[in-house]
Structures are given as structure tokens and as C-alpha cells.
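Everything on this sheet refers to the single structure shown next.
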2 protein chains.
Amino acid sequence: MPRPRAAEAAETPRRIRSAAISLFAERGFHGTGIRDIATQAGVTLSSLYHHFGSKDDLLVDIMFTSTAPLKRAADAAYQALDTPCRRLAMLIEQHVWEHVTDRLAKIVSDTEVRALSGERRDRVVSLRDSYENVWRTTVEEGVATGVFTVSHPKALTIGLLEMCTAVSHWFQPSGDLTLLELCHTYADGGLALVRAAQEDRPVRRADLEIGEPTRFLLG
Amino acid sequence: MPRPRAAEAAETPRRIRSAAISLFAERGFHGTGIRDIATQAGVTLSSLYHHFGSKDDLLVDIMFTSTAPLKRAADAAYQALDTPCRRLAMLIEQHVWEHVTDRLAKIVSDTEVRALSGERRDRVVSLRDSYENVWRTTVEEGVATGVFTVSHPKALTIGLLEMCTAVSHWFQPSGDLTLLELCHTYADGGLALVRAAQEDRPVRRADLEIGEPTRFLLG
DNA sequence: GTCTATAAGGTGATAGAC
DNA sequence: GTCTATCACCTTATAGAC
């Protein structure tokens with residue numbers, strides 16, 4: 001018994017998208033030819049253009065397909081959990097989890113925004129901003145209630161986000177460190193980070209008397 | 001009185017390098033044409049090829065010129081300071097300082113390694129590894145002496161490094177937050193991070209009962 | 001050291017048959 | 001929906017005069 005035609009038809013764009021993701025992640029958007037994608041997907045050039053209007057459209061499609069689930073999960077977690085600590089921990093763990101399980105698409109989403117321009121770029125940036133706003137809101141509410149103590153919340157929040165994003169570039173699960181352990185470790189790290197200005201913290205920069213950062217840089 | 005000829009001659013490659021840095025940072029290596037660089041530097045195409053053997057050579061030159069001072073400063077700081085806390089704080093502050101004051105070259109160094117291959121790539125990666133080894137060694141010594149308490153040192157060290165690297169992409173000095181304050185804030189953040197598994201830390205992931213990261217992701 | 005001119009091949013995208 | 005063939009352009013790099 002043959003598969004339904006609709007399922008067969010939907011298979012081709014999926015293969016094209018998958019081929020584009022791995023090539024864009026490895027060589028970059030401008031480093032990848034439209035022919036390379038077609039070849040790796042096992043279709044001809046014209047077939048590719050039948051499913052995607054342009055190379056730019058293909059990139060936008062990849063970015064939305066990659067970012068939208070993360071935004072949905074962030075909204076769901078924010079709604080379901082009830083304290084800044086719980087929300088931030090879950091945001092961190094979801095972000096890390098997705099950036100490992102869907103790592104190639106995440107690399108493309110996080111490095112190739114600059115390849116877009118105009119309205120296409122605006123839509124992608126807008127979705128990413130709405131996702132990051134969940135993080136920012138969570139941190140701000142933690143600072144407002146006093147459970148987070150950090151001297152410059154915005155700076156550390158974006159730093160924390162980038163730290164979690166970067167797992168796409170280096171992490172490989174092993175016996176030493178599974179993906180789940182990585183998520184837990186980064187959640188604890190993030191919670192420590194947003195309390196970095198706690199008064200009674202034992203090790204603080206100001207007590208070290210190390211001078212300023214330019215001390216070994218100039219000359 | 002005219003300038004010395006040597007200084008005039010050395011000015012042209014400097015202008016070429018500067019033009020290439022800003023274009024590679026903005027559009028990426030493959031998104032930048034060799035003609036764009038020549039035009040922005042105010043020289044002809046052949047003049048560019050007289051100073052740099054190829055587009056790849058130009059990229060390698062940029063990466064070495066950008067990374068070498070950071071490695072030198074890291075070695076100097078490691079030698080001059082005497083505890084893991086002091087060394088790590090200074091490594092963080094130097095890294096952040098350089099990634100802001102020389103931000104375009106750092107963006108190129110950090111995102112375009114994939115554009116290289118073969119021996120050129122090996123040399124660049126080798127220099128970067130030797131720099132990161134100073135960080136790794138510092139964290140390991142802190143763990144060995146017990147002043148750093150972190151469940152997975154490698155994972156948090158590379159995360160911390162990426163967090164500091166990312167300042168190139170977003171930070172702009174302002175009245176709210178100067179570059180020096182950013183350096184200090186990140187040093188304190190880093191010190192909090194490498195003590196994230198401290199037994200008596202008040203807010204810990206395990207106490208939050210939030211479930212696992214897939215809770216809001218599947219379905 | 002810098003120039004003009006050009007080689008040699010890759011690029012995104014389309015036309016039109018089947 | 002998929003194919004072959006092709007257009008118009010852009011790319012890195014080099015040749016050879018001055």
C-alpha cells in the first residue's frame with residue numbers, strides 16, 4: 001500500500017530544508033551555493049525553486065521553524081511557573097536543551113541574521129526580540145522582588161543568554177556529562193549569576209586588589 | 001617636511017586591513033567581495049593583491065593581529081597574579097575590555113574561522129586554543145585548591161568565555177554602564193559562576209521542583 | 001607599487017518542455 | 001512537480017604596462 005500523496009509531497013521541502021540547515025551551519029549562508037543544497041537534498045535546482053521562492057526565503061523559513069517553538073515553550077513556562085527563580089531556571093534549561101537537540105538550525109538562526117535585510121530581517125528580529133523579552137521580564141521581576149541581586153541586570157541577562165546559546169558550538173553528550181546534566185548545571189550557573197552582587201558573597205572582585213583590565217594590555 | 005617613506009608605505013596595508021575588518025564583521029567573509037575592500041580602503045584591486053597574497057591570507061592576518069595581544073596579556077596576567085580568583089577576574093576583564101575596544105576584529109575572529117581550511121585554519125585554531133588553555137588551567141587550579149566549587153568546570157568555563165566574547169555584539173558604553181563597570185560586573189559574575197555548586201548557596205535548581213526541560217517543549 | 005584589462009569559473013534565478 | 005538548458009552577472013585572481 002503506497003503512502004498518501006500529501007505525505008510524499010511534503011517530504012521534499014523537508015529534505016531541502018534539512019540540507020540547507022546543515023550546509024548553512026557548516027559553511028555559512030554566503031558560503032553555500034543554491035546548487036549545493038539541491039544536490040545534498042537529492043533534487044534539481046528548479047525543483048528547489050518550486051518549493052522556495054528564493055535563497056533568502058529558505059533562510060527565513062529555517063529561522064522561523066527554529067525559533068517559534070522556543071518562543072512557545074518560553075511563554076508556556078512563564079505562565080505555568082510562579083516565581084522568577086523557577087521561570088529563569090526553566091528558560092535556561094529549555095534554551096540549552098533546544099540548542100543541543102536542534103543545534104545546526106540554531107547555529108544558522110544565531111549567526112546568519114546579518115545575511116537578511118529589509119522586511120525579511122525585521123520579521124526574524126521581531127520574533128527573536130519577543131523571545132528575549134520573556135527572559136528580560138523574568139529577570140526584572142526577580143530584581144524587583146529582591147530575590148535577584150545584580151548590579152546591571154540587562155548586561156548579565158544578555159550574557160547569560162549568549163552563554164546558553166553557545167552550547168550549540170561545542171557540546172557533545174558523553175558519559176561524563178549528559179545533556180540533562182548540562183541543563184541542570186547551567187540552570188544553577190544562571191541562578192548564581194543573577195545573584196552575583198549579593199552582599200554576603202564570599203569572593204568579590206573589589207576585594208582582590210588586581211588593578212584595572214588595561215594593566216597587562218597596553219604597551 | 002614629508003613623512004618618512006617607510007611610514008607612508010606601511011599605511012596602505014593598515015588601511016586595507018581596517019577596511020576588511022569592518023566589511024567582514026558587517027557582511028561576513030563570503031558576503032564581502034575583494035573589490036569592496038579595495039574600494040573602501042581607497043586602493044585598486046591589484047594594489048591589494050600586492051600587499052596580501054589572497055583573500056584567505058588577509059583573513060588570517062586579521063585573526064592573528066586580533067588574537068595575539070589577548071594571548072600575551074593572558075600570559076602576563078597569569079604570571080603576575082598569584083591566586084585562581086585574581087587570575088580569573090583579570091582574564092575576564094581583559095577579555096571583555098578587548099572585545100569592546102577592538103570589537104569588529106573580534107567579531108571577525110570569532111565567527112569566520114569556518115571560512116578557513118587546511119594549514120591556515122590549523123594555525124589560527126592553535127593560537128586560540130593556547131589562549132583558552134590559560135582560562136582552563138586557571139579554573140582547574142581553582143577547583144583543585146577548593147576555592148572554585150563547580151560540578152562541571154569545563155562546561156561552565158567555556159560558557160563563561162562565550163558570555164564575555166558576546167559583548168562584542170551588543171555592548172555600547174553609556175552613562176548607565178561604562179566599559180570599566182562592565183568589566184567589573186562580568187568579573188563578579190564569573191566569580192559567582194565558578195562557585196555555583198557551593199553547598200550553602202541559597203537558591204539552587206534542585207530545590208525548585210520545576211520538572212525537566214522537555215516539560216513545555218514536546219507536543 | 002600602482003595601474004588597466006581580462007581571464008576562468010561560479011552565482012542566483014528563470015524559460016519552457018514534459 | 002520535475003526536468004534540461006541557459007541567461008546575466010559577479011567572483012577571485014593574474015598579466016603586463018608604466
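Within every chain, numbering begins at 1; the chains are lettered A, B, ... in the order of the sequence lines, protein sequences first and strands thereafter.
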Taken to the nearest whole Å, NZ/A:Lys55 to P/C:dG10 is 15 Å

A:His30 vs D:dT11: side-chain N/O to OP1/OP2 distance below 4.0 Å = no

Closest of D:dC3, C:dT2, C:dG12 to the A:Ser47 side chain is D:dC3

Looking at C:dT2, I'd like to know if its phosphate oxygens (OP1 or OP2) sit under 4.0 Å from a side-chain N or O belonging to B:Thr12. yes

Query raised in the report: Could you go step by step and tell me if A:Val108 and A:Ser66 meet the side chain to side chain contact (heavy atoms under 4.5 Å, CB included) rule?
Result: CA-CA 9 Å; A:Val108 175; A:Ser66 163; over 6 Å; no

Rounded to whole Å, the OH-P distance (A:Tyr49 to C:dT11) equals 11 Å

Quick note, A:Thr44 side chain, CB onward, closest among D:dA13, D:dC3, C:dT2 is D:dC3

Donor-acceptor pair present, A:Arg35 side chain and C:dG12 base, under 3.5 Å: yes

Here the distance between atom P of C:dT11 and atom CZ of A:Phe29, to the nearest Å, is 13 Å

Flag the pair A:Tyr186 / B:His152 as yes when their ring centroid distance falls below 6.0 Å, and as no otherwise. no

When rounded to whole Å, the CZ to P distance for the pair A:Phe52 and C:dA13 reads 14 Å

From NE2 of A:His50 across to P of C:dA15 the rounded distance in Å is 15 Å

Would B:Tyr131 and B:His95 count as a ring-ring contact (aromatic ring centres under 6.0 Å, His included) here? Give the steps.
CA-CA 11 Å; B:Tyr131 171 66; B:His95 192 95; 5.7 Å; yes

B:Asp56 CG to D:dT11 C1', in whole Å, measures 14 Å

B:Gln40 side-chain N/O to B:Ile37 backbone N/O, donor-acceptor pair under 3.5 Å: no

Taking D:dT14, D:dT4, D:dT2 as options, the one with an atom nearest any side-chain atom of A:Ser46 is D:dT4

When rounded to whole Å, the CD1 to P distance for the pair B:Ile16 and C:dT2 reads 8 Å

Rounded to whole Å, the NE2-P distance (B:His51 to D:dT14) equals 16 Å

When B:Gly42 and A:Thr32 are each assigned the nearest nucleotide of DNA chain C, the 5'-most assignment goes to B:Gly42

Out of D:dT14, C:dA13, C:dT2, minimum distance to the side chain of B:Leu45 belongs to D:dT14

Handout entry: Within-4.5 Å side-chain heavy-atom neighbours: A:Leu88 and A:Trp135
Key = yes

